[in-house]
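Right, one structure below, let's go through it.
Lettering follows sequence order; numbering is per chain, from 1.
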2 protein chains.
Amino acid sequence: MTADPTSSVTQTLLQEAWDEFRSFIKRRGDRVTETRRIVLERALQRGGHFQADELARDVSRGSDRVSRGTVYRTLALLVEAGLVREIRDRDTHVHYEPVFNRPHHEHMICETCGAFIEFDDEAIHSLIHDACKRMEFAETSHRLVIFGTCKKCQ
Amino acid sequence: MTADPTSSVTQTLLQEAWDEFRSFIKRRGDRVTETRRIVLERALQRGGHFQADELARDVSRGSDRVSRGTVYRTLALLVEAGLVREIRDRDTHVHYEPVFNRPHHEHMICETCGAFIEFDDEAIHSLIHDACKRMEFAETSHRLVIFGTCKKCQ
DNA sequence: ATTACTGCAAAGCATTTGCAAATGC
DNA sequence: GCATTTGCAAATGCTTTGCAGTAAT
């Protein structure tokens, strides 16, 4: 149901995300800038997961250039806004994943080809919820990663 | 059921761990050294989680001094040997956790005080196993982390 | 005797930061 | 006009590496 192969992010989705980001920025009394719009756009356009440095390199070329430092600063802002989330699983570097308008899901990581496979399981969530209750722990979020070999690589 | 408050690692456990590490080293045709024994010992003595740099600092003082570089190299070896595992959750830096003779468990991380709370849930494992079967994914390991607020901090 | 291991200090590298210039409000 | 943001480049801090000396087999 995606729009077109080159950009998996529809214009409408981008618009909505930008509206949300803008409102977040204003709520904090900060400034809505073109630079921030560009970073958000490029981050969402990457689709799947990406690294800060990767995005920084991408954005440092072309007409809409944004400096490395600013990419890092804006990414942190996007995380605070809840539009992007940090993933720390594999290498030393933080990976990011857009969360805007995406349903909750867990990951399987193929140790052979590196693929991120998304899946979800209501029953697991429910058990996690129970475990928190049992331990008297107030959950804000959780993360489940399964390492192994994907179907293709077996 | 722990031995004494100052070191939660019994002498016997240390001995067993060292035997296992030694056998791993020999199997690879590498060399069994005093330095490696010291790093293993200090790593296990830390109990809970620790960071490489933390251990390096700890070990760089006192009579049994081991250099920073060697700590990192030995830690990598311990991971390969399966005596210690890497945890990448919180900050940019890798955390380590001894796995020798410790039962599998998941973590809850308190976002207020930073505590690592360990818990386990057979039912969750079983569902994870089912999910892998469904997705035709061959699991080698998994990791579940729940973020939130612990009982004390609520 | 060989070959691996260690310590040291230097190099790497993603990320952060300080500061002057640019920009939003 | 004033405060925030940006770009640039330099600094940071953990981690890795090269090399000469040391130790294990």
Side-chain angles (χ1 to χ4, degrees), chain A residues 18 21-43 46 49-81 84 86-96, chain B residues 18 21-43 46 49-81 84 86-96:
Chain A
W18 174 231
F21 193 25
R22 192 158 47 184
S23 117
F24 168 83
I25 293 171
K26 280 189 176 156
R27 214 175 312 131
R28 300 187 7 146
D30 287 348
R31 290 182 185 172
V32 176
T33 67
E34 177 62 8
T35 311
R36 286 176 173 163
R37 214 214 75 242
I38 294 169
V39 174
L40 168 66
E41 181 178 301
R42 298 290 191 89
R46 302 215 125 241
H49 306 100
F50 62 89
Q51 289 184 46
D53 193 55
E54 216 173 285
L55 181 66
R57 254 192 302 274
D58 169 18
V59 165
S60 68
R61 279 188 292 275
S63 50
D64 299 336
R65 49 178 16 276
V66 177
S67 77
R68 185 166 297 265
T70 301
V71 169
Y72 279 92
R73 284 182 281 227
T74 308
L75 231 25
L77 217 54
L78 282 168
V79 170
E80 275 193 76
V84 159
E86 296 182 338
I87 295 185
R88 307 160 192 276
D89 285 327
R90 339 174 77 186
D91 41 64
T92 318
H93 317 125
V94 186
H95 287 240
Y96 293 89
Chain B
W18 174 231
F21 192 25
R22 192 157 48 182
S23 116
F24 168 83
I25 292 171
K26 281 191 175 154
R27 214 176 311 131
R28 301 188 6 147
D30 286 348
R31 290 178 186 175
V32 175
T33 68
E34 177 62 7
T35 310
R36 286 176 173 165
R37 214 214 74 243
I38 294 168
V39 175
L40 167 66
E41 181 179 299
R42 298 288 191 92
R46 301 215 127 241
H49 307 99
F50 61 90
Q51 289 185 48
D53 193 55
E54 216 173 286
L55 180 65
R57 253 192 301 274
D58 169 18
V59 164
S60 68
R61 279 189 291 276
S63 51
D64 300 335
R65 48 177 19 275
V66 177
S67 76
R68 185 166 294 266
T70 300
V71 169
Y72 279 91
R73 284 182 282 226
T74 308
L75 229 27
L77 217 54
L78 282 167
V79 170
E80 275 194 75
V84 159
E86 296 182 339
I87 294 185
R88 306 162 192 278
D89 286 326
R90 339 172 78 185
D91 43 64
T92 319
H93 316 127
V94 186
H95 287 240
Y96 294 89

Are [X] and [Y] packed together at the side-chain level, in the sense that at least one heavy-atom pair is separated by less than 4.5 angstrom?
{"X": "B:Phe21", "Y": "B:Val84", "value": "no"}
{"X": "B:Val39", "Y": "B:Leu55", "value": "yes"}
{"X": "A:Gln51", "Y": "A:Tyr96", "value": "no"}
{"X": "A:His95", "Y": "A:Phe50", "value": "no"}
{"X": "A:Val79", "Y": "A:Leu75", "value": "no"}

Just checking A:Ala52: base, sugar-phosphate only, or nothing, at a heavy-atom cut-off of under 4.0 Å? sugar-phosphate
Could you check B:Gln51 against A:Val71 and say which one's nearest nucleotide on DNA chain D is further toward the 5' end? A:Val71
Residues B:Arg37, B:Glu34: salt bridge by 4.0 Å N-O rule: yes
What are the bounds, 5' to 3', of the part of DNA chain C that sits under 4.0 Å from heavy atoms of chain A? C:dA14 to C:dC25
Residues two or more places apart in sequence or in another chain: which of them pass side chain to side chain donor-acceptor pair (under 3.5 Å) with A:Thr35? none
By side chain to side chain donor-acceptor pair (under 3.5 Å), which residues pair with B:Arg42, not counting sequence neighbours? B:Asp58
Rounded to the nearest angstrom, tell me the gap between atom CG in B:Leu75 and atom P in D:dC14. 15 Å
Just to verify, what does A:Phe24 make a ring pair (Phe, Tyr, Trp, His ring centres under 6.0 Å) with, not counting sequence neighbours? none
Helix axis bend for the helix from C:dA1-D:dT25 to C:dC25-D:dG1 - C1'-based end axes, five pairs, 10° rounding: 30°
Going through the checks in order, is the side chain to side chain contact (heavy atoms under 4.5 Å, CB included) test met by B:Asp53 and B:Arg68? CA-CA 8 Å; B:Asp53 193 55; B:Arg68 185 166 294 266; 2.3 Å; yes
Treat primed atoms plus P, OP1 and OP2 as sugar-phosphate and everything else as base, then score nucleotides 16-25 of chain D 5' to 3': B for base contact with protein heavy atoms under 4.0 Å, S for sugar-phosphate contact only, - for none. BBB----BBS
